[in-house]
Structures are given as structure tokens and as C-alpha cells.
Student: 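This structure is in C-alpha cells; I'll ask about it shortly.
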Amino acid sequence: MNQIQTKSIEKLKTKRIIGHISGKEKGPTLVLFGGIHGNEPSGVEALEQVFRQLKTSEGDLKGSIFGIRGNLPALQEKKRFLEHDLNRIWTHSRIDEIKQRSESESSVEENELSEIHQLISDIFETQSPPFYFIDFHTTSSPTLPFITINDALINREFACLFPVPVILGIEEYLEGPLLSYINQKGYVSLGFESGQHFTADAVTNTISFIWLTMIYCGVLAKEQLPDYKKYHDQLSLAAKGNKLFYEVIHRHCITESDNFEMLPGFRSFDKLRKGRAMANYNGEEIAAYKDTIVFMPLYQVQGEEGFFLIRKIPGWILSFSAFLRRIKFDSFLALLPGVSWSNEARDKLKVNLKIARFFNKPFFHLLGYRNRMVDETHLLLNNRERTAKNEMYKDTFWYKN
């Protein structure tokens with residue numbers, strides 16, 4: 001670590017870094033974020049507790065572990081954000097813009113991003129692979145604990161180790177989450193939603209998740225954690241034994257000018273019958289358009305998503321999808337009419353829907369692509385598999401070739 005990088009990390013330690021512990025042996029680097037949203041302090045509280053315990057067993061660790069506070073001003077105010085949602089501005093274009101401006105010219109959250117971005121860059125420069133990133137959150141409604149991932153196989157396989165449900169595809173509906181930015185670089189990155197805001201269970205679930213993550217990534221050996229079963233059982237019980245995979249199929253987007261009110265009593269993973277009233281939106285009632293499952297209903301003032309809808313993914317589809325990706329079936333797609341690679345890296349496909357009418361979103365999802373509309377007739381599809389650093393994780397116990 002050079003002098004400049006050392007100063008960069010030391011400068012942030014007192015306020016940004018909850019803890020940083022390096023073991024005597026070389027090993028993986030685990031980076032844990034809490035409080036990216038300021039009204040979600042459970043991750044910070046859990047990390048503070050775990051790092052207090054880790055100080056007594058520092059020599060037993062392999063590699064490094066970092067605990068990082070997210071939006072410091074918003075955490076102090078207990079607000080989701082002050083000017084911009086810090087978990088919606090992690091795009092390459094936005095980051096480039098922020099770098100060109102001075103601190104006084106940037107918003108509160110843009111300055112927070114600059115500090116966190118510099119810290120992440122320093123970690124990549126100074127720490128050893130493989131890298132693991134976990135971002136801790138909570139929701140405004142009661143919920144089972146769950147994992148959200150960008151749909152790369154390395155994320156799927158690592159997420160499968162935890163006894164909680166896993167949600168795929170949310171990145172297709174959100175612009176600029178922190179973990180999407182990291183996942184685009186090819187590293188394992190998971191979001192863990194531990195429960196409802198400001199509840200004791202949310203902190204307890206996060207603590208359990210942290211300890212299990214240390215075991216699964218190899219920072220700590222399983223035999224070094226006598227309470228492993230307790231932490232595993234805690235999450236399994238909180239999730240009510242649900243280890244299913246789900247896919248986001250709908251997002252109800254709202255803006256600051258909209259009048260949105262979720263009807264009371266909804267919880268994530270509640271099953272809804274077609275026609276059931278869900279919310280009031282600008283004076284009109286919103287009802288379920290089909291039999292479905294509600295996900296992250298909004299019961300707070302700030303937020304851009306009124307609710308999501310999800311559906312279960314059958315196990316055979318997950319297996320078939322993994323097979324197609326491993327044989328790189330998508331390599332043949334650009335030979336078809338209306339489909340072409342949009343860049344030299346071949347991790348983006350451009351699809352002309354007027355010509356390639358036989359394609360639909362579920363087909364592309366099988367192959368690891370998530371879409372963004374370019375215009376009325378064209379889709380731009382990003383593939384996580386082609387950017388995933390699979391080789392980095394090939395020696396882990398959980399990685400499947």
C-alpha cells in the first residue's frame with residue numbers, strides 16, 4: 001500500500017470505516033456496506049457489533065474485511081437521502097460528471113459517492129482477490145429477509161448458500177444502484193434486506209448474515225464459529241424456510257409530484273388475487289392486474305418505487321438457464337436477423353424488435369441478459385456473464401464450473 005493510498009483510507013477511518021481487519025494469512029477481501037440509505041441504520045448497527053467482537057479474534061482471519069458506513073449526513077438525519085438517492089447515482093456517466101466538479105458544486109450525495117468511490121478504488125488497488133461486496137438494507141414494510149442480486153451465475157451460486165429467498169432482475173428496473181456498478185466490474189455482489197426499518201429483528205438478521213458471509217467467502221473457517229448453526233437457523237426461521245428464487249416482473253414508479261398511498265397491511269411476499277386493491281395513485285385506485293406476489297410496498301415518504309410485483313422461478317428454469325450460459329449459447333444470437341453486438345466486448349446485444357419478433361424478455365433472461373429500451377423498436381441488453389470474473393472464484397468451494 002503506497003503512502004497516498006494509506007492516507008486516503010486513514011482519512012476516512014474515523015467516520016466512514018466502521019472497521020477494517022486484516023488477517024495474518026492472505027485470503028479474500030470482504031466489503032460490507034451499511035446505511036447507504038440514511039433511514040436504514042440496521043446494517044451499521046450490526047456491523048458495529050460484529051467488529052467489536054472481531055477485535056478479539058483478529059489473528060484468526062484470512063484476508064481482509066471492511067465495514068463501511070454509507071450516507072453519513074442522511075444517517076445523521078435518519079432520512080433516506082437529503083438531495084439524491086445515493087443508491088441511484090452509481091452510473092459511469094454520473095460518476096464521470098461528479099469527478100469533473102468541485103465539492104462545492106456537487107450535492108450531498110454526490111460528495112458521499114466520491115468518498116465511497118475513492119475508498120472502493122483503494123481497496124481494489126491494495127487488497128487481494130477474490131472480492132466480495134454485500135450491501136445491507138431494510139424495507140418500510142414487514143418482510144421476510146431476502147437477497148437481491150444482479151443475475152450472474154457467480155452471484156446465484158453464492159446467494160444459494162444462505163437460507164433466504166433470492167430476487168433476480170431488480171436491476172432491470174433501477175438505475176444506478178451501488179451493487180450494479182460493482183457487478184459490472186465482474187465481482188460477487190449481494191444486497192441483503194434484513195427486515196423492516198428500525199426493528200431489532202433487522203439487526204439480528206444482519207448480524208447472522210455477516211457471520212455466515214465470513215464463513216462462505218473464506219475469511220473465517222466454519223470450525224472457528226461455534227455459533228454457526230445458531231446464525232444459520234436464525235435466518236432460516238426468519239425466512240420461514242423460504243429459499244425460493246423469484247423474478248421481478250413489474251415496478252410501479254412514482255415521482256415527488258405524485259400522490260401515492262399504499263393501502264395498509266401489505267408485506268413483501270404476500271400473495272395477491274387478481275383485482276385486489278393495493279394503493280391509491282393520483283386519485284385512482286390500483287388493483288392487482290393478475291394473481292401475483294407483492295414485493296417491497298412503500299410505506300415511507302421518500303422513494304421512487306411504490307411497489308414491485310414478483311413471481312417464483314421454477315428450479316428447472318434456473319438449471320436450464322445455467323446450462324445455456326455455461327455453453328455460451330448466446331454467442332449464436334448475433335447470427336440471427338435483427339440481433340447484433342453493440343460493442344467489441346460482446347457483453348451488450350442490440351435487438352430490433354421489428355425484425356426479431358420471436359424474442360421476448362424471458363428468453364433473454366435465461367441467458368443472463370437484462371434489457372433497457374433504447375427507443376420504441378430497439379432493446380439494448382446487458383449480459384452479466386460476459387463481465388463476471390469467474391476465474392477469480394474458481395478455487396472456492398461454492399463455485400461450479
Side-chain angles (χ1 to χ4, degrees), residues 33-46 69-91 94 106-113 116 135-146 148 167 170-171 173-180 191-203 205-206 248 250-270 272 276-288 293-310:
F33 298 97
I36 292 294
H37 289 139
N39 64 332
E40 302 175 21
S42 297
V44 173
E45 293 176 30
R69 292 183 183 89
N71 194 335
L72 299 178
L75 280 166
Q76 188 171 355
E77 297 291 327
K78 296 183 180 180
K79 293 182 178 179
R80 182 179 173 92
F81 58 87
L82 301 186
E83 296 182 74
H84 300 111
D85 190 329
L86 182 56
N87 209 33
R88 298 292 185 273
I89 57 176
W90 287 84
T91 63
R94 186 70 170 268
S106 299
S107 71
V108 169
E109 277 74 25
E110 288 173 338
N111 286 324
E112 292 295 283
L113 180 147
I116 297 170
D135 188 14
F136 295 117
H137 288 269
T138 51
T139 65
S140 62
S141 65
T143 184
L144 307 179
F146 62 89
T148 60
I167 313 300
I170 198 167
E171 79 270 20
Y173 298 87
L174 303 180
E175 183 73 20
L178 167 62
L179 290 186
S180 288
F192 179 62
E193 304 269 358
S194 60
Q196 191 174 21
H197 301 336
F198 305 105
T199 60
D201 285 347
V203 177
N205 290 335
T206 305
V248 177
H250 175 76
R251 171 203 184 209
H252 183 80
C253 179
I254 57 176
T255 66
E256 290 182 359
S257 61
D258 288 324
N259 183 8
F260 176 86
E261 182 182 8
M262 196 78 197
L263 296 181
F266 288 99
R267 304 164 57 101
S268 287
F269 301 97
D270 279 352
L272 304 182
R276 181 175 174 182
M278 299 174 60
N280 292 315
Y281 176 63
N282 293 335
E284 296 184 4
E285 183 181 86
I286 301 175
I293 302 170
V294 70
F295 181 60
M296 292 204 293
L298 185 70
Y299 289 106
Q300 61 189 28
V301 175
Q302 291 180 310
E304 299 175 355
E305 294 81 36
F307 58 85
F308 294 88
L309 299 177
I310 59 176

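Note that these values count all heavy atoms, side chains included, but never hydrogens, waters or copies made by symmetry.
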Student: Do you know which two heavy atoms are closest between Ser268 and Thr143, and how far apart they sit?
Tutor: CB-OG1, 3.1 Å

Student: Could you list the donor-acceptor pairs under 3.5 angstrom formed between side-chain atoms of residues 258-267 and any protein atom two or more places apart in sequence or on another chain?
Tutor:
| residue | atom | partner | partner atom | Å |
| --- | --- | --- | --- | --- |
| Asp258 | OD1 | Asn282 | ND2 | 3.0 |
| Asp258 | OD2 | Thr255 | N | 2.9 |
| Asp258 | OD2 | Thr255 | OG1 | 3.1 |
| Asp258 | OD2 | Tyr281 | OH | 3.3 |

Student: What residues form a salt bridge (charged side-chain N to carboxylate O under 4.0 Å, His left out) with Glu109, not counting sequence neighbours?
Tutor: none

Student: With sequence neighbours left out, what residues match Phe33 under ring-ring contact (aromatic ring centres under 6.0 Å, His included)?
Tutor: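 Counting only residues at least two positions away or on another chain, Phe33 forms no ring-ring contact (aromatic ring centres under 6.0 Å, His included).
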
Student: With Arg94, which residues qualify under salt bridge (charged side-chain N to carboxylate O under 4.0 Å, His left out), at least two apart?
Tutor: Glu110

Student: Using every non-hydrogen atom in the two residues, find where Val108 and Pro73 come nearest and quote the distance to one decimal.
Tutor: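 Result for this residue pair: CG1-CG, 3.6 Å.
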
Student: Is there a side-chain contact between Ile167 and Phe308 in this structure, where contact means two heavy atoms from C-beta onward sitting under 4.5 Å apart?
Tutor: no

Student: Give a yes or no on whether the backbone of Leu72 and the side-chain of Glu112 come within a donor-acceptor separation of less than 3.5 Å.
Tutor: yes

Student: State whether the side chain of Glu40 and the backbone N or O of His137 hold a donor-acceptor pair below 3.5 Å, judged by distance alone.
Tutor: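 Not confirmed, Glu40 side chain does not pair with His137 backbone.
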
Student: Which residue is it: Asn87, Asn71, Asp85? I am looking for the one with a side-chain hydrogen bond (donor to acceptor under 3.5 Å, both in side chains) to His37.
Tutor: Asp85

Student: Under 4.0 Å between a Lys/Arg side-chain N and an Asp/Glu carboxylate O for Arg80 and Glu304?
Tutor: no

Student: Is a donor on one side and an acceptor on the other found under 3.5 Å between the side chain of His197 and the backbone of Thr139?
Tutor: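 Side chain of His197 to backbone of Thr139: a pair is present.
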
Student: Can you check side-chain contact (heavy atoms from CB on, under 4.5 Å) on Leu178 and Trp90, steps first, answer last?
Tutor: CA-CA 5 Å; Leu178 167 62; Trp90 287 84; 3.7 Å; yes

Student: Looking at residues at least two apart in the chain, or sitting in another chain, which of them share a salt bridge (charged side-chain N to carboxylate O under 4.0 Å, His left out) with Asp270?
Tutor: none

Student: Take Leu174 and Arg88 through the test side-chain contact (heavy atoms from CB on, under 4.5 Å) and record every step on the way to the result.
Tutor: CA-CA 7 Å; Leu174 303 180; Arg88 298 292 185 273; 3.8 Å; yes

Student: How far apart are the C-alpha atoms of Met278 and Leu309, what are their side-chain angles, what is the distance that settles it, and do they pass the side-chain contact (heavy atoms from CB on, under 4.5 Å) test?
Tutor: CA-CA 11 Å; Met278 299 174 60; Leu309 299 177; 4.0 Å; yes

Student: Is a side-chain donor or acceptor of Gln302 paired with a backbone partner of Phe81 at a separation under 3.5 angstrom?
Tutor: yes

Student: Does the side-chain contact (heavy atoms from CB on, under 4.5 Å) test come out yes or no for Asn39 and Lys79, once each step is laid out?
Tutor: CA-CA 5 Å; Asn39 64 332; Lys79 293 182 178 179; 5.7 Å; no

Student: For Glu193, check salt bridge (charged side-chain N to carboxylate O under 4.0 Å, His left out) against everything at least two apart and list the hits.
Tutor: none

Student: Mind checking whether Phe136 and Phe192 have parallel, tilted or perpendicular rings, split at 30° and 60°?
Tutor: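 If you compare the ring of Phe136 with that of Phe192, the planes turn out perpendicular.
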
